[in-house]
Number of protein chains: 2
Amino acid sequence: MNRYESILKDVGLKRTDIRLRMLNIFMNSEIALSHHDVCEQLGDGYDKVTVYRNIYTFVNKGVLHETPNDGRSAKFACNLQDVSKTGAHAHFICEICGNTFCLQFRNSSELSLPGNFKVNHLSIVAQGVCSECDKNEKY
Amino acid sequence: MNRYESILKDVGLKRTDIRLRMLNIFMNSEIALSHHDVCEQLGDGYDKVTVYRNIYTFVNKGVLHETPNDGRSAKFACNLQDVSKTGAHAHFICEICGNTFCLQFRNSSELSLPGNFKVNHLSIVAQGVCSECDKNEKY
DNA sequence: GATTAGATGCAACTAATTTGCATTTAGATT
DNA sequence: AATCTAAATGCAAATTAGTTGCATCTAATC
Ligand SMILES: [Mn+2]
Ligand SMILES: [Mn+2]
Ligand SMILES: [Zn+2]
Ligand SMILES: [Zn+2]
């Protein structure tokens, strides 16, 4: 039983080809992926509705999380070992390529907000230029 | 010349009925509004495409800003006097009603991130329960 | 009042996501 | 190993969000 098979077993989901492939895609991506991105990487022969359903199944099971996003479509990324499981990590969105990165940076959850807001979860989103885009920028 | 008329004049946009109404709607809303929300408040007789175009016109002119959002559609809110103009303010998203609130809370822009990220802009998004939803919660 | 850049309205389009339902299959049970 | 069934998949169709093109209209300037 490989890494992906045991994730599926752990969260109580059936072992299917598309799920193994989706896990492989997400676990090897440095950036958060949209539904469209995943379909592209899967190639032909997989149903887009099944991909949607599995993304949300994974989110519900705590395998993936939805990231803050630029643009119009939702993006998702793996929940990594320690940091992401809690959800309490920062994100970086590149203003040039639009890629979203999960950062190994814990949000300090101490923040007193004005008003009667009960804060459960704090997220920090940084925007700027990723290293790849910084390299390619023209002067 | 009223408040809304002078905003339009200031940013160099023509005074039209739908724009005045849109400004009125945004300026009197405590929460960020989606295109759909705005259309609903406008009622019949206004074209949805014109609403889209005016939202983005206002964003470009610095009258509105797009907020981080839950869910699938973009949300927008007024740029308030001091704080929001810089963009450097925090947001609160209610996990129950889904409403997004702009907070009068400046983000500290001091944050050193791991990796080679050039940070231009930092945003803090808090999630939790808004006061309205807190009131109505069943125990 | 005439001019015109900018604004609006309508129709048609694309993209993103959801729903319903019939069929298939993984994994448990016998 | 054959049987069973809840869960998963695939296809089609619907819905929702946002965009584009173009003809018409009008606010602001002269
Ligand atoms: Mn993340
Ligand atoms: Mn805001
Ligand atoms: Zn980039
Ligand atoms: Zn709420």
Side-chain angles (χ1 to χ4, degrees), chain A residues 1-2 4-25 32-61 63-64 66-76 98 100, chain B residues 1-2 4-26 32-61 63-76 98 100:
Chain A
M1 192 157 64
N2 72 26
Y4 306 131
E5 292 177 321
S6 57
I7 290 176
L8 291 179
K9 171 153 264 187
D10 284 353
V11 299
L13 294 174
K14 289 188 178 170
R15 195 209 83 107
T16 67
D17 177 44
I18 194 173
R19 283 180 176 160
L20 293 173
R21 295 216 43 212
M22 285 178 66
L23 285 178
N24 182 48
I25 288 167
L33 302 172
S34 68
H35 169 262
H36 179 79
D37 296 333
V38 176
C39 286
E40 229 167 33
Q41 290 205 41
L42 283 171
D44 289 342
Y46 295 94
D47 187 64
K48 76 187 159 83
V49 176
T50 303
V51 174
Y52 272 117
R53 291 199 266 230
N54 279 328
I55 286 175
Y56 287 105
T57 299
F58 285 146
V59 170
N60 287 332
K61 296 293 187 177
V63 177
L64 298 180
E66 183 166 355
T67 65
N69 65 323
D70 232 7
R72 303 265 156 268
S73 61
K75 290 186 177 183
F76 304 86
T100 300
Chain B
M1 191 158 63
N2 72 24
Y4 307 131
E5 293 177 320
S6 58
I7 291 176
L8 291 178
K9 171 154 263 187
D10 284 352
V11 300
L13 294 173
K14 287 189 180 169
R15 196 208 83 107
T16 67
D17 177 43
I18 193 172
R19 282 179 179 162
L20 294 173
R21 296 214 45 214
M22 286 178 64
L23 285 178
N24 183 48
I25 289 167
F26 274 109
L33 302 172
S34 67
H35 168 263
H36 179 79
D37 297 332
V38 175
C39 287
E40 230 166 34
Q41 291 205 42
L42 282 172
D44 288 342
Y46 295 93
D47 187 64
K48 74 182 160 85
V49 176
T50 303
V51 175
Y52 272 118
R53 291 199 266 231
N54 279 328
I55 287 175
Y56 287 105
T57 300
F58 286 145
V59 170
N60 288 330
K61 296 293 187 179
V63 176
L64 299 179
H65 65 282
E66 183 166 356
T67 65
N69 65 323
D70 232 8
R72 304 266 153 271
S73 63
K75 290 186 176 182
F76 304 86
T100 301

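The sequence lines fix the lettering, A, B, ..., with proteins before strands; numbering per chain opens at 1.
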| task | Heavy atoms of chain A, cut-off under 4.0 Å: which first and last nucleotide of DNA chain D, 5' to 3', fall inside that, if you could look? | result |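 Listed 5' to 3', the contact boundaries are D:dA6 to D:dG18.
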| Once you round to the nearest 0.5 Å, how far does CG of A:D17 lie from OH of A:Y46? |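 Going from the CG atom of A:D17 to the OH atom of A:Y46 covers 4.0 Å.
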| Considering only heavy atoms from C-beta outward, does the side chain of B:Y4 approach that of B:R19 to under 4.5 Å? |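 Side-chain contact under 4.5 Å: no.
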| Is the shortest heavy-atom distance from the side chain of B:V38 to the side chain of B:F26 under 4.5 Å? |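 Side chain of B:V38 against side chain of B:F26, heavy atoms only: contact under 4.5 Å found.
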Provide, to the nearest angstrom, the distance between the [atom1] atom belonging to [X] and the [atom2] atom belonging to [N].
X: B:Y56; N: C:dT8; atom1: OH; atom2: C1'; answer: 19 Å
X: A:D47; N: C:dT19; atom1: CG; atom2: P; answer: 16 Å
X: A:N54; N: C:dT17; atom1: CG; atom2: C1'; answer: 15 Å
X: B:D44; N: C:dG9; atom1: CG; atom2: P; answer: 13 Å
X: B:H35; N: C:dA16; atom1: NE2; atom2: P; answer: 18 Å
X: B:R21; N: C:dA7; atom1: CZ; atom2: C1'; answer: 17 Å
X: B:L23; N: C:dA7; atom1: CG; atom2: P; answer: 13 Å

| Do A:D37 and A:S34 have side-chain atoms, one donor and one acceptor, less than 3.5 Å apart? |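 Yes, a side-chain donor-acceptor pair sits under 3.5 Å.
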| Using a heavy-atom distance cut-off of less than 4.0 Å, which residues of residues 9-19 of chain B contact DNA chain C? |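 Hits under 4.0 Å, by residue number: B:L13, B:K14, B:T16, B:I18, B:R19.
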| request: Assign each of A:R53 and A:K48 to its nearest nucleotide of DNA chain D by heavy atoms, then name whichever residue's nucleotide is nearer the 5' end. | output: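 So the residue in question is A:R53.
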| task | For the pair B:L20 and B:N24, evaluate side chain to side chain contact (heavy atoms under 4.5 Å, CB included) and give the outcome as yes or no after the intermediate values. | result | CA-CA 6 Å; B:L20 294 173; B:N24 183 48; over 6 Å; no
| request: Output, in order, the C-alpha distance, side-chain angles, deciding distance and verdict of side chain to side chain contact (heavy atoms under 4.5 Å, CB included) for B:I55 and B:M22. | output: CA-CA 9 Å; B:I55 287 175; B:M22 286 178 64; 3.7 Å; yes
| Checking A:R15 side chain against A:L8 main chain: does a donor-acceptor pair fall under 3.5 Å? |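 Judged by distance alone, no pair lies under 3.5 Å.
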| task | Report yes or no: does A:H35 contribute a side-chain atom to a donor-acceptor pair with the main-chain N or O of A:K48 at less than 3.5 Å? | result |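 Yes, because the side chain of A:H35 sits within donor-acceptor range (under 3.5 Å) of the backbone of A:K48.
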| request: Give me the ring orientation class for B:F76 and B:Y56: parallel if the planes are under 30° apart, tilted from 30 to 60°, perpendicular past 60°. | output: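 Perpendicular, since the angle between the ring planes exceeds 60°.
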| request: Determine the contact category for A:S73: base if any of its heavy atoms lies under 4.0 Å from a base atom, sugar-phosphate if only primed atoms, P, OP1 or OP2 are that close, otherwise nothing. | output: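 Answer is sugar-phosphate: A:S73 comes under 4.0 Å of backbone atoms only.
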